Undergrad: 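What follows is a single structure, and I will ask about it in a moment.
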Amino acid sequence: MIALANSGWQLAQHQYMLIGNSSYYYSKNKKTIEICVERGLALNPKNPLLLVLKAKSFFFVKDYNATGAAYHEAFKNGLRMSEYLFYLLEVNSRIESWQGILDVVVQFHRRKTPTLKTLFFQSRALIKLGRFDEAHEVINESLSDFPLPSHSYAPWLYNLRMIIHARNQNYKAFLRI
């Protein structure tokens with residue numbers, strides 16, 4: 001860490017971000033994440049990528065109010081709108097704010113083309129709110145209009161459609177893919 005701090009402020013910020021992200025995704029070492037955020041933001045308190053790492057550190061400990069505030073701060077300091085909205089989808093999903101998810105999806109679709117991820121979150125929120133017909137329409141649209149690689153949200157969308165068919169006791173459609 002000392003060598004990083006002495007390597008120049010821009011390179012040091014980048015290294016703090018890389019080490020912090022590595023700790024978040026692989027080692028889950030909260031102390032390392034906190035050190036990287038603290039020292040990186042000491043060099044530049046407006047670095048949006050370090051502010052995202054700060055938000056992730058709050059997300060890691062399930063402090064979702066602080067997570068949202070940190071993402072908002074990152075957005076104010078240059079985080080792209082699409083990334084900001086994707087992060088808000090994750091936070092709203094974790095706190096089960098289904099209407100919040102729908103609001104974020106509407107904002108995203110105003111600015112960007114819908115993605116399988118946004119359509120998945122939208123359909124899931126609609127199901128959780130009991131709006132099954134609307135969810136079924138979104139699911140069918142997404143499964144017919146997008147390429148469906150197995151590592152995408154497509155399997156989750158098929159699962160949501162199966163939930164709707166099971167609820168409606170339409171077992172013939174339930175078994176059809």
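Quick note: numbers below take in every heavy atom, side chains included, and nothing from hydrogens, waters or symmetry partners. Predicted model, so just to flag it, every value in this text is computed and none were measured. Along the sequence shown, the residues carry numbers beginning at 1.
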Undergrad: Is Leu51 close to Asn47 at the side-chain level, that is, under 4.5 Å between some pair of heavy atoms?
TA: no
Undergrad: Look at Glu90 together with Lys56 and state whether they make a salt bridge at an N to O cut-off of under 4.0 Å.
TA: no
Undergrad: Rounded to the nearest 0.5 Å, what separates atom CD1 in Ile101 from atom CG in Leu85?
TA: 12.5 Å
Undergrad: If we only count heavy atoms from C-beta on, is the Thr115 to Phe120 side-chain gap below 4.5 Å?
TA: no
Undergrad: What orientation do His136 and His165 show, parallel under 30°, tilted 30 to 60°, or perpendicular over 60°?
TA: perpendicular
Undergrad: Starting at CD1 of Ile139, measure out to CD of Glu134 and round the result to the nearest 0.5 Å.
TA: 11.5 Å
Undergrad: In Å, rounded to the nearest 0.5 Å, how long is the span from CZ of Phe121 to CH2 of Trp156?
TA: 10.5 Å
Undergrad: Is there a donor-acceptor pair under 3.5 Å between the side chain of Ser144 and the backbone N or O of Asn140?
TA: yes
Undergrad: Can you see whether Phe132 has Arg167 sitting over its ring - NZ or CZ less than 6.0 Å from the centre and within 45° of the normal?
TA: yes
Undergrad: Once rounded to the nearest 0.5 Å, what's the spacing between atom CD of Glu83 and atom OH of Tyr71?
TA: 10.5 Å
Undergrad: Restricting to non-hydrogen atoms, name the atom on Ser123 and the atom on Ala135 that form the minimum distance, rounded to 0.1 Å.
TA: O-CB, 3.6 Å
Undergrad: Please evaluate residues Asp63 and Asn65 with respect to the criterion side-chain contact (heavy atoms from CB on, under 4.5 Å), reporting the C-alpha separation (whole Å), side-chain torsions for both, the decisive distance (0.1 Å), and the verdict.
TA: CA-CA 6 Å; Asp63 184 351; Asn65 288 332; 4.2 Å; yes
Undergrad: To the nearest 0.5 Å, what is the distance between CG on Leu53 and CZ on Phe60?
TA: 11.5 Å
Undergrad: Could you check if a side-chain atom of Tyr87 sits within less than 4.5 angstrom of a side-chain atom of Phe59, using non-hydrogen atoms only?
TA: no
Undergrad: Considering only heavy atoms from C-beta outward, does the side chain of Leu157 approach that of Val138 to under 4.5 Å?
TA: no
Undergrad: Assess whether atom NZ of Lys30 is packed by more than 12 heavy atoms of other residues, nucleotides or ligands within 6.0 Å.
TA: yes
Undergrad: Are His72 and Tyr84 close enough that some pair of their side-chain heavy atoms sits under 4.5 Å apart?
TA: yes
Undergrad: Do Val52 and Leu79 have side chains that approach each other closer than 4.5 Å (heavy atoms only, starting at C-beta)?
TA: yes
Undergrad: Is a donor on one side and an acceptor on the other found under 3.5 Å between the side chain of Asn92 and the backbone of Leu88?
TA: yes
Undergrad: Are more than 12 heavy atoms from other residues, nucleotides or ligands located less than 6.0 Å from atom CD of Gln107?
TA: yes
Undergrad: Would you mind reporting whether Lys112 and Met81 have side-chain heavy atoms less than 4.5 Å apart?
TA: no
Undergrad: Roughly how far apart are Phe86 CZ and Arg80 CZ, rounded to 0.5 Å?
TA: 9.5 Å
Undergrad: Within a reach of under 6.0 Å around NZ of Lys128, are more than 12 heavy atoms found that belong to other residues, nucleotides or ligands?
TA: no
Undergrad: Assess, by modelled atom type and distance only, whether the side chains of Ser93 and Arg124 contain a donor and an acceptor separated by less than 3.5 Å.
TA: yes
Undergrad: Is Leu126 reachable from Tyr158 through a run of I, L, V, M, F, W or Y residues, each pair having side-chain heavy atoms under 4.5 Å apart?
TA: yes
Undergrad: Tell me whether Ser152 contacts the main-chain N or O of Ala154 through its side chain, where contact means a donor paired with an acceptor under 3.5 Å.
TA: yes
Undergrad: Check whether Phe58 and Ile35 end up in the same hydrophobic cluster, where Ile, Leu, Val, Met, Phe, Trp and Tyr are linked by side-chain heavy atoms less than 4.5 Å apart.
TA: no
Undergrad: Just by distance, with hydrogens left out, do Glu73 and Asn77 show a side-chain donor and acceptor under 3.5 Å apart?
TA: no
Undergrad: Ignoring hydrogens, what is the shortest heavy-atom contact between Ile33 and Ser57? Give both atom names and the distance.
TA: CG2-CB, 3.5 Å
